[in-house]
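One structure is given below, encoded as structure tokens.
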Amino acid sequence: MNIQEQLISKTQQAIIDFNGQEIPLASISLQETRKEFEGEVTIVTFPFIKFSQKSPEETGQIIGEYLLKNCDFVKSYNVLKGFLNIALKDQHWIDVLVSINNHSNFGQLASKNEKVMVEYSSPNTNKPLHLGHVRNNLLGFSLAELLKAAGYDVIKVNLINDRGIHICKSMLAWLKYGNGETPESSGLKGDHLVGKYYVAFDQHYKVEIQELMAQGLSEDEAKKQAPLILAAQAMLLKWEEKDPETIALWEKMNAWVYAGFEKTYQAMGVSFDQYYYESNTYLLGKDIIEQGLAKKVFYQKEDQSVWIDLTAEGLDHKLVLRGDGTSVYITQDLGTAALKHSDFGMKRSIYVVGNEQDYHFKVLLLILQKLGFDWAKGLFHLSYGMVDLPSGKMKSREGTVVDADDLIAEMIESAKLQTEALGKINDFPAEEKNKLYETIGLGALKYFLLKVDPKKRLLFDPSESIDLQGNTGPFIQYSYARIQSILRKVNRPIPSHCEIDTINSNELAIILELNKFEGQIAIAAESYSPAIIANYVYELAKAFNKFYHDDPISQLDDKKLQDFRLMLCANTAKVIRQSFAILGIAVPERM
RNA sequence: GGUUCGGUAGCUCAGCUGGAUAGAGCAACGGUUUUCUAAACCGUAGGUCAUAGGUUCGAAUCCUAUCCGGACUACCA
């Protein structure tokens, strides 16, 4: 029985001893004592008064007195209104630290022998990645690391949207206006080059629409009849017919994009175990439509189009296959979901996709459940909020997007300026300096994006650079570097046991944080929220910095105390490093 | 209109399986360095937790309504 279970059980026993009344165990809950009061564990006594027949204060006294007498790990207690605060003996907390220290895999929860798939990134190959994609990628990668830490076997998947009318738009514009421009000839990164022609298409298209409207067509008609859009549609048909020239162009331009994406992925530090391409999966799903028709989950209209009636679920009628037999988005997604499951047989599958697609995923999951696939209940849409600018939503066509590559470069530059201004690493070789700027710049960016609850929309103001002070990635990296500095200076192995018997409040605060780590991993994994880890590790770093400020370590003469504090430092560093690994953020040895 | 997510300090966010006087960071103001890295530490100031009801011993947290904002509501993806 652990400490908490003992406290709960003894609390119940205290009242039984007092008057024979039995408090239900479920109504006894322990919580952390707030910082301004003495103690580490608090029991709320309000729910007990109908059993004790005493005031909340008296009830607290009765229980506190009982615990003090009957639990050898309880040091003292105090009662404030309906709150019984319990302080545990220092030795208990020292033991907790030693046990964390000697735990070879602290922060890695026991294997659950369960496969979980995380699909994220899922880019279109017609334009470069922007800040919204950055959030998606960091969130997806971090979620995968988080689930691994929580004991799951994780498969990271990227479903690349490499076909469709939007891809044809870039291809067409490049043919018409590109003059054979290549990444080599222009020096442009491949994804940016292709994106340039996607924008070019839209500009020329708009001109054509204006011209047609001037000729008296309505806007809708003009949009449908503009020569450029007709040409793009024709190109899509040629692609579907596997016209060699079209395919060759498509392959060439996609290869440019992939080379560009690869660089951005590398810069962000994200990776995948498996790629799926829509060009391979877009025809999937039609057999599922057949099954659905046979099971009468779907129905067919006179024009042969296939629909599902979701009005009973509060949704609408939804098209699942066009009248001409071609797929829509959801057709493919039905097929891809089945394919992924047959490839990996995972129990759970998480889609990291923005909340603009809430409706789509609600429908997708509902259809799969209605079709009776037993794996469908394991699907989950991790719906994250959009990244907004002060001016509102980012729009690629209006040029208001924050480009991923630019942003990363700016963050590294800003880390460089800040680091140079502080002048602490002038003795570093140039290569190490650059590495550090990258570590800090990306650390700031990643932490900034990950510390916010994924569900919430996130505001980014490009005119204000991301902070490097306060509740930021670099603050936590700095705490880590400080510890490494101490460990280097003392240069003694971390002991495996402790010979002190009292600890101060700063030390206690750190141990309390360290003790929470694995619980936080479990909670964060269950709620799919790396933000919980980000906020947790910030609290740890704060506690450490206060300790560092107040209490000497390397200049101590008392070796026993020094050993203990070294152990505290080393384990703080360990937990910071692991927390940041979950967030996909590197830690520096010096900064 | 319907569905849905959100609204906490000037700004960015924690806290939300109901518990104490609602917490951080930034920005503002003041202090700390002959002592392990001041990217730090300490302090001051800043709040009708959108609004109104309800449930409860107790509500930022749960329920209802209203207001405000976002997203979705395509034979686009």
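Residue numbering restarts at 1 for every chain, and letters A, B, ... go by the order of the sequence lines. The structure displayed is predicted, hence computed values, not measured ones.
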message: Cation-pi check for A:Tyr282 against A:Arg163: NZ or CZ below 6.0 Å from the six-membered ring centre and within 45 degrees of the axis, yes or no?
response: yes
query: Counting any heavy atom closer than 4.0 Å, what does A:Met386 reach on the DNA or RNA strands: base, sugar-phosphate only, or nothing?
result: nothing
task: Determine the Euclidean distance between corresponding P atoms of B:A59 and B:U17; express it in Å to zero decimal places.
output: 16 Å
message: For a quick check of understanding: with a heavy-atom distance under 4.0 Å over all strands, which category does A:Asp551 fall into, base, sugar-phosphate or nothing?
response: base
Bracket string, RNA chain B, 5' to 3' - pairs by Watson-Crick or G-U geometry under 3.5 Å, | interstrand: (((((((..((((.....[...)))).(((((.......))))).....(((((..]....))))))))))))....
query: What is the distance, rounded to the nearest whole Å, between atom CG of A:Asp461 and atom P of B:C13?
result: 11 Å
field: A:Tyr548-B:A40 aromatic stacking (under 5.5 Å, under 30°)
entry: no
- request: Whole angstrom is fine here: how far is it from CZ in A:Arg322 over to C1' in B:A77?
  value: 10 Å
Under 3.5 Å, side-chain donor or acceptor atoms of residues 446-456 of chain A against the rest of the protein: list the pairs with distances, not counting sequence neighbours.
{"residue": "A:Lys446", "atom": "NZ", "partner": "A:Met268", "partner atom": "O", "Å": "2.7"}
{"residue": "A:Lys446", "atom": "NZ", "partner": "A:Gly584", "partner atom": "O", "Å": "2.7"}
{"residue": "A:Tyr447", "atom": "OH", "partner": "A:Asn471", "partner atom": "OD1", "Å": "2.6"}
{"residue": "A:Tyr447", "atom": "OH", "partner": "A:Ala534", "partner atom": "O", "Å": "3.1"}
{"residue": "A:Lys451", "atom": "NZ", "partner": "A:Asn471", "partner atom": "O", "Å": "3.3"}
{"residue": "A:Asp453", "atom": "OD1", "partner": "A:Lys455", "partner atom": "N", "Å": "3.0"}

task: Report which part of the nucleic acid A:Arg457 touches: base, sugar-phosphate, or nothing (heavy-atom distance under 4.0 Å, all strands).
output: sugar-phosphate
field: Minimum-distance nucleotide to A:Tyr478 side chain [options: B:A39, B:A77, B:G19]
entry: B:A39
task: Can you tell me the distance, in whole Å, between the CG atom of A:Leu458 and the C1' atom of B:G7?
output: 16 Å
task: Could you tell me whether A:Phe475 contacts a base, only the sugar-phosphate backbone, or nothing, with contacts defined as non-hydrogen atoms closer than 4.0 Å?
output: sugar-phosphate
- prompt: Which part of the nucleic acid does A:Asp303 contact within heavy-atom distance under 4.0 Å: base, sugar-phosphate only, or nothing?
  reply: base
message: Considering every strand and a 4.0 Å limit on heavy-atom distances, what is the contact class for A:Glu356: base, sugar-phosphate, or nothing?
response: sugar-phosphate
- prompt: Ion pair present between A:Lys340 and A:Asp333, side-chain N to carboxylate O less than 4.0 angstrom?
  reply: no
message: In terms of relative ring orientation, are A:Trp239 and A:Trp250 parallel, tilted or perpendicular, with 30° and 60° separating the classes?
response: perpendicular
- request: Write down the distance separating the C1' atoms in B:U33 and B:A39, rounded off to the nearest Å.
  value: 15 Å
- prompt: Base, sugar-phosphate alone, or nothing: which one does A:Lys424 contact when heavy atoms must sit under 4.0 Å apart?
  reply: base
- request: Could you tell me whether A:Tyr359 contacts a base, only the sugar-phosphate backbone, or nothing, with contacts defined as non-hydrogen atoms closer than 4.0 Å?
  value: sugar-phosphate
query: Between B:A39 atom P and A:Glu589 atom CD, what is the distance in whole Å?
result: 18 Å
query: RNA chain B: A:Asp324 or A:Lys451, which has the more 5' nearest nucleotide?
result: A:Lys451
message: Can you tell me whether the side chain of A:Ser479 and the base of B:A40 have a donor-acceptor pair closer than 3.5 Å?
response: no
- prompt: Between A:Phe83 and A:Phe46, how do the two ring planes meet: parallel, tilted or perpendicular, split at 30° and 60°?
  reply: perpendicular
task: Using a strict 4.0 Å threshold on nitrogen-to-oxygen distance, state whether A:Arg492 and A:Asp563 make a salt bridge.
output: yes
field: Enclosure of A:Lys286 NZ (heavy-atom neighbours >12, cutoff 6.0 Å)
entry: yes
- request: Tell me which nucleotide among B:G6, B:A22, B:C36 gets nearest to the side chain of A:Ser554.
  value: B:C36
task: Can you tell me the distance, in whole Å, between the CD atom of A:Gln418 and the P atom of B:U37?
output: 19 Å
message: Base, sugar-phosphate or nothing for A:Ile440? Non-hydrogen atoms, less than 4.0 Å.
response: base
- prompt: At under 4.0 Å between heavy atoms, what does A:Leu459 touch on the DNA or RNA strands: base, sugar-phosphate, or nothing?
  reply: sugar-phosphate
message: Counting the atoms with a prime plus P, OP1 and OP2 as sugar-phosphate, which does A:Asn85 contact under 4.0 Å by heavy atoms, base, sugar-phosphate, or nothing?
response: base
- request: Check every atom of B:A24, B:A14, B:A39 against the side chain of A:Leu422 and return the nucleotide holding the closest atom.
  value: B:A39
task: For A:Glu278, report the nucleic acid contact type (base, sugar-phosphate, nothing); a contact means any heavy atom under 4.0 Å.
output: sugar-phosphate
message: Nearest 0.5 Å, please: how far is OG1 in A:Thr11 from CD1 in A:Ile15?
response: 8.5 Å
query: Rounded to the Å, how far apart are A:Glu313 CD and B:U4 P?
result: 13 Å
message: I want to check a possible cation-pi pair here: A:Lys318 against A:Trp307, using under 6.0 Å from ring centre and within 45° of the ring axis as the test.
response: no
message: Base, sugar-phosphate or nothing for A:Val44? Non-hydrogen atoms, less than 4.0 Å.
response: base
task: Write down the distance between NE2 (A:His360) and C1' (B:A77), rounded to a whole number of angstrom.
output: 8 Å
- prompt: What nucleic acid atoms does A:Thr42 come within less than 4.0 Å of, heavy atoms only: base, sugar-phosphate, or nothing?
  reply: base
